[in-house]
Student: 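Before I ask anything, let me first share the structure, which is written out below as structure tokens.
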Amino acid sequence: MGIPPTNLPSPGPDSSYRYWAFISYSHRDEVWARWLHTALETYRVPRKLVGSPARIGSETIPERIFPVFKDRDELAGGFDLSERIRLALEQSRYLVVICSPHSVASGHVRSEIETFEAFGREDRVICLIVGGEPNASDKPGGGPQECFPEPVRTRKTLDGDLVPVEPLAADVRKGGDGKTNATLKILATILEVELDDLKQREERRRFRRRVRLVTAVVVFALLAGLVYPLALDDGISGPGGEAFRRFLDRHHLSLLRPVRSEAAIRETARALRSRLFARYSR
């Protein structure tokens, strides 16, 4: 069960928040929660955005979205939230829900969503679809595939009636946004900036990475083109090595092997002829 709004103090719009986001997830989706937690906290915010006023809270946009709350107490019985989790939810700007059939079945996830929304922050819930199908429960027999927990699919009116809503969602499934775009969508929402600003930064980062890769390949090729001839000159066996060394010797171009003078070569040849003559004249 969720916590009634009357039991939860709601911070004012100028209050400071400890966490940029709270990640709510089923323990069966912990791999996705760990991935998202790392992706959010290690993302470098574009320089032109750093220092701008944050729309929610009294801080400015930092270089990194840190901290993001992920770990929670797994309570042995019931679905009541611990005081630590209540406080973390209260001190979080946004709630990011890892959405899958596992989260739909999780009482912890439902309680965390209801508690966060009870602060009057229904518009600050972001869904990350990792499995199942959105709104599958609206179709006959589709309930087991539903990925959106009920609190994010519905909202109470002033009269207390539940009405369906379309949750804000990013999708990492095959055919969806993919990991990179899903992360950027979540970050753009948390930072209250244009998605294109983050996408441009990501494109520049990818371009720089490609330039570094091409540069590394060119440098390696140049080094290989220099080292291999030197290795052949030094006498290491390799394709074309003998012909290459003869060419160097003929033109006195060897760098690693001393080339004898003509007089030394004549003297060596004379001694060789003398030994051969002595052997065959016996």
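Quick note: residue numbers are just sequence positions, from 1.
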Student: Between F148 and P167, is there a side-chain heavy-atom distance shorter than 4.5 Å?
Tutor: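 Heavy-atom side-chain distance check passes, below 4.5 Å.
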Student: Show the numbers, then the answer: is there a side-chain contact (heavy atoms from CB on, under 4.5 Å) between N135 and E166?
Tutor: CA-CA 9 Å; N135 303 314; E166 187 66 28; 3.8 Å; yes
Student: Taking the six-membered ring of F116 (Phe, Tyr or Trp), confirm whether the NZ or CZ of R121 is under 6.0 Å from its centre and within 45° of its axis.
Tutor: yes
Student: Is the backbone N or O of G131 less than 3.5 Å from a side-chain atom of R173, with the two atoms forming a donor-acceptor pair by type?
Tutor: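 No; judged by distance alone, with no hydrogens or angles, the pair does not exist.
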Student: Testing the basics here: between D29 and H102, what is the closest heavy-atom pair and its distance to 0.1 Å?
Tutor: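 Taking D29 first and H102 second, the nearest heavy atoms are OD1-CD2, 3.3 Å.
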Student: For E122 and G120, which heavy atoms make the closest approach, and how far apart are they?
Tutor: OE1-C, 3.3 Å
Student: Nearest 0.5 Å, please: how far is OH in Y25 from OG in S100?
Tutor: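 If we round to the nearest 0.5 Å, S100:OG and Y25:OH are 13.0 Å apart.
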Student: Identify the heavy atoms of K185 and L195 that sit nearest to each other, and give their distance.
Tutor: N-CD1, 3.8 Å
Student: Looking at R28, I'd like to know if its CZ atom is crowded, meaning that more than 12 non-hydrogen atoms belonging to other residues, nucleotides or ligands lie closer than 6.0 Å.
Tutor: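 Incorrect, the count does not exceed 12.
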Student: For L89, is there any backbone N or O sitting under 3.5 Å from a side-chain donor or acceptor partner on Y19?
Tutor: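 Side chain of Y19 to backbone of L89: no pair is present.
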Student: Does S103 use its side chain to pair, donor to acceptor, with the backbone of I98 at less than 3.5 Å?
Tutor: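 Yes, because the side chain of S103 sits within donor-acceptor range (under 3.5 Å) of the backbone of I98.
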Student: Given side chains that start at C-beta, do those of E114 and P151 come closer than 4.5 Å, heavy atoms only?
Tutor: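 In contact.
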Student: State, with a plain yes or no, whether a side-chain heavy atom of E146 is found less than 4.5 Å away from one of R153.
Tutor: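 A side-chain contact under 4.5 Å exists here.
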Student: Does F66 have R64 sitting over its ring (NZ/CZ under 6.0 Å from centre, angle to axis within 45°)?
Tutor: no
Student: Judged by atom type as modelled, is there a donor-acceptor pair below 3.5 Å linking the side chain of H108 to the main-chain atoms of S26?
Tutor: no
Student: May I have the step-by-step check of side-chain contact (heavy atoms from CB on, under 4.5 Å) for I113 and V152, ending in yes or no?
Tutor: CA-CA 7 Å; I113 298 170; V152 303; 3.8 Å; yes
Student: Under 4.5 Å between side-chain heavy atoms, counting indirect links through other Ile/Leu/Val/Met/Phe/Trp/Tyr residues: same cluster for V165 and V97 or not?
Tutor: no
Student: If you measure from CD1 on I186 to CG on L168, what distance do you get to the nearest 0.5 Å?
Tutor: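 Reported value, rounded in 0.5 Å steps: 8.5 Å.
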Student: Quick check: closest heavy atoms across A169 and I129, and the distance to 0.1 Å?
Tutor: CB-CD1, 4.1 Å
Student: I would like to know whether V193 and I61 meet side-chain contact (heavy atoms from CB on, under 4.5 Å); could you show each step before the answer?
Tutor: CA-CA 10 Å; V193 299; I61 295 177; 4.3 Å; yes
Student: Could you state the interatomic distance from CD1 (I23) to CG (L36), rounded to the nearest 0.5 Å?
Tutor: 4.0 Å
Student: I'd like to check C99 versus L128 (side-chain heavy atoms, cut-off strictly below 4.5 Å). Are they in contact?
Tutor: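 Of all side-chain heavy-atom pairs linking L128 with C99, none is under 4.5 Å.
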Student: Going by heavy atoms in the side chains, are R124 and L95 under 4.5 Å from each other?
Tutor: no
Student: Give a yes or no on whether E63 atom CD has more than 12 heavy-atom contacts from other residues, nucleotides or ligands under 6.0 Å away.
Tutor: no
Student: Flag yes if more than 12 heavy atoms outside R18 fall under 6.0 Å of its CZ atom; otherwise flag no.
Tutor: no
Student: Angle between ring planes, F22 versus F69, binned at 30° and 60°: parallel, tilted or perpendicular?
Tutor: parallel
Student: Give, for atom OG1 of T42 and atom CD1 of I65, the distance between the pair rounded to the nearest 0.5 Å.
Tutor: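 With rounding to 0.5 Å, OG1 (T42) is 11.0 Å from CD1 (I65).
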Student: Identify the two heavy atoms, one from T183 and one from A39, that lie closest to each other, and give their separation to 0.1 Å.
Tutor: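 Closest approach of T183 to A39: CG2-CB, 4.0 Å.
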Student: Find out whether W35 and V172 are in side-chain contact, i.e. whether some heavy atom of one side chain is under 4.5 Å from a heavy atom of the other.
Tutor: yes
Student: Counting C-beta onward and ignoring hydrogens, is there a side-chain heavy-atom pair between E41 and P67 closer than 4.5 Å?
Tutor: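 Yes, at least one pair of side-chain atoms sits under 4.5 Å.
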Student: Evaluate L191 against V45 for side-chain contact (heavy atoms from CB on, under 4.5 Å), listing each step before the verdict.
Tutor: CA-CA 9 Å; L191 294 172; V45 177; 4.2 Å; yes
Student: How about Y43 and L184: do any of their side-chain heavy atoms sit closer than 4.5 Å?
Tutor: yes
Student: Taking atom NZ of K179 and atom CG of D171, what is their separation to the nearest 0.5 Å?
Tutor: 13.5 Å
Student: Does Y17 share a hydrophobic cluster with L87, counting links as ILVMFWY side-chain heavy atoms below 4.5 Å and allowing steps through other members?
Tutor: no
Student: Minimum heavy-atom separation for V109 to P149, with atom names?
Tutor: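 Minimum heavy-atom contact is CG1-CG, 4.1 Å.
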